[in-house]
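All ligand and atom numbering here is 1-based and tracks the order in the structure. None of these values were measured; they are calculated from a predicted model. Counting from 1, the numbers follow the sequence of the chain as shown.
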Amino acid sequence: MTADFGLNTRLLHADLERTAYGETSEAVFLTSGFVYDSAEQAAATFTGETQHYQYSRFGNPTTDALQARLATLEGAEACIVTATGMGAVSSALLSHVKTGDRVVASRALFGSCFWIVANLLPRYGVETIFVDGNDFDAWTEALSKPTAAVLIESPSNPMLDVLDIARIADLAHRAGALLMVDNVFASPVGQKPLSLGADVVVYSCTKHIDGQGRVLGGAVLGRKQWIEETLQPFTRNTGNALSPFNAWVLLKGLETLSLRVDAMARNAAAVADFLADAPGVLQVRYPGRSDHPQAALVGAQMHNGGSLVAVEIEGGREGAFRFLNGLKLIAISNNLGDARSLATHPATTTHMRIAPEDRARLGITDGIVRLSIGLEDSADLIADLKQGLVAARQA
Ligand SMILES: *Cc1c(COP(=O)(O)O)cnc(C)c1O
């Protein structure tokens with residue numbers, strides 16, 4: 001399917017291959033192995049002369065369909081899907097770097113991404129450096145030496161800092177590095193890092209792409225040569241394969257992705273506006289608001305403000321806990337990007353392992369609550385938040 005079609009059309013029809021039964025939606029092939037017509041065909045498949053499925057760790061019609069559709073959606077030459085989002089991040093980094101290399105990353109990363117850069121890579125002799133995402137003197141300094149990879153997340157978790165992807169791409173390329181962007185918070189609908197100069201985009205498909213609390217999944221997208229020569233041998237041989245069933249569920253998720261993400265962003269904007277003027281709220285961070293610290297950059301590089309809102313509740317940890325426990329509709333969960341609105345207290349959950357001084361540096365105070373806004377009626381969400389705020393002040 002050509003790129004001339006609009007986003008919603010591509011989300012339904014791109015690379016749709018029907019079997020002889022003519023099913024409407026793509027079939028699901030939960031099969032592990034494949035058979036050959038002859039020994040010659042098997043041999044030709046292994047040399048690459050013939051295209052034939054070999055084994056689902058190497059390739060499967062359903063996971064291939066997801067890869068093709070994600071690549072079309074992202075505007076990427078190629079895609080490999082993985083068992084989880086962390087499978088995508090770890091494979092992208094570990095397949096690309098070797099002992100003696102340098103990796104530079106923004107400090108505000110998803111917890112497990114931070115762990116890989118801070119703890120795992122150094123174990124294999126990779127030098128790793130963290131930079132505050134909007135400190136360009138620090139980026140320039142960190143990227144003044146040859147570097148293998150740069151990993152950033154924008155908007156970041158949980159404070160929703162927005163990083164200048166084009167500017168960081170430029171500095172990364174001058175250092176010889178690939179820029180890898182964890183685009184989970186924006187989703188493929190909200191931001192196109194490759195068009196801003198990034199080389200690799202990674203997703204947790206668990207989040208908005210499924211977005212209905214059903215399956216885990218991950219994806220890495222980038223140039224065909226890098227995907228085929230660097231990433232694919234790594235994922236195939238280390239076994240980081242997505243279940244075809246999960247791939248099929250994610251294909252269903254893609255069909256409604258843009259409808260869901262746009263509706264979630266509209267709800268999140270309404271929630272953020274309500275919270276900004278509500279009593280008992282010290283601070284609201286939402287990329288779609290004009291008071292966001294990087295509002296101009298949001299306008300230039302994001303399609304909308306996304307579905308996440310960070311809010312600082314009066315009364316520190318106790319105030320935040322009373323607020324969370326007072327919510328009746330919005331559930332307490334560290335997941336995000338779901339159709340159901342979710343709330344979490346980063347300082348005691350997702351970011352509990354980060355030292356208090358590092359949390360302070362990231363702006364994650366004890367009063368911060370991260371809201372992942374879903375598809376409920378916005379008036380119901382606002383009513384729930386209102387009574388949560390009343391509970392927060394009943395010390
Ligand atoms: C959830 C998440 C991941 C990890 O994805 P999993 O599917 O949970 O492995 C990575 N980065 C970000 C920003 C995430 O939100």
Check: So is R107 actually on top of F114's ring, under 6.0 Å and inside 45° of the axis?
Finding: no

Next item on the list: Could you list the atoms of ligand 1 found under 4.0 angstrom from a heavy atom of T206?
Entry: 7 (O)

Next item on the list: Output the list of atoms in ligand 1 that are nearer than 4.0 Å to some heavy atom of D182, sorted by atom number.
Entry: 10 (C), 11 (N), 12 (C), 13 (C)

Item checked: Protein contact of atom 2 (C) of ligand 1 - nearest heavy atom, named by residue and atom, plus distance -> K207 NZ, 2.5 Å

Notebook entry, point to check: What residue and atom, counting heavy atoms only, is the protein's closest point to atom 9 (O) of ligand 1, and at what distance?
Noted result: M86 N, 2.8 Å

Margin query: Restricting to non-hydrogen atoms, name the atom on C79 and the atom on L221 that form the minimum distance, rounded to 0.1 Å.
Written below: CB-CD2, 3.6 Å

Item checked: Heteroatom distance test (G85, ligand 1): nitrogen or oxygen, under 3.5 angstrom -> yes

Next item on the list: Using distance alone, determine whether E153 and ligand 1 share an N or O pair under 3.5 Å.
Entry: no

Next item on the list: Could you go through the side chain to side chain contact (heavy atoms under 4.5 Å, CB included) check for R340 and Q212 one step at a time?
Entry: CA-CA 8 Å; R340 292 176 176 78; Q212 290 155 85; 5.9 Å; no

Checklist line | Candidate with minimal heavy-atom separation from atom 4 (C) of ligand 1, of F185, F110, Y203, F114 | finding: F110

Item checked: Neighbour count above 12 (heavy atom, 6.0 Å) for E23 CD -> yes

Next item on the list: Might you work through the side chain to side chain contact (heavy atoms under 4.5 Å, CB included) test for D262 and H303, ending with a clear yes or no?
Entry: CA-CA 9 Å; D262 285 347; H303 167 67; 3.6 Å; yes

Next item on the list: Check each of T350, N335, T349, N334 against T344 using the side chain to side chain donor-acceptor pair (under 3.5 Å) test, and report the only one that passes.
Entry: T349

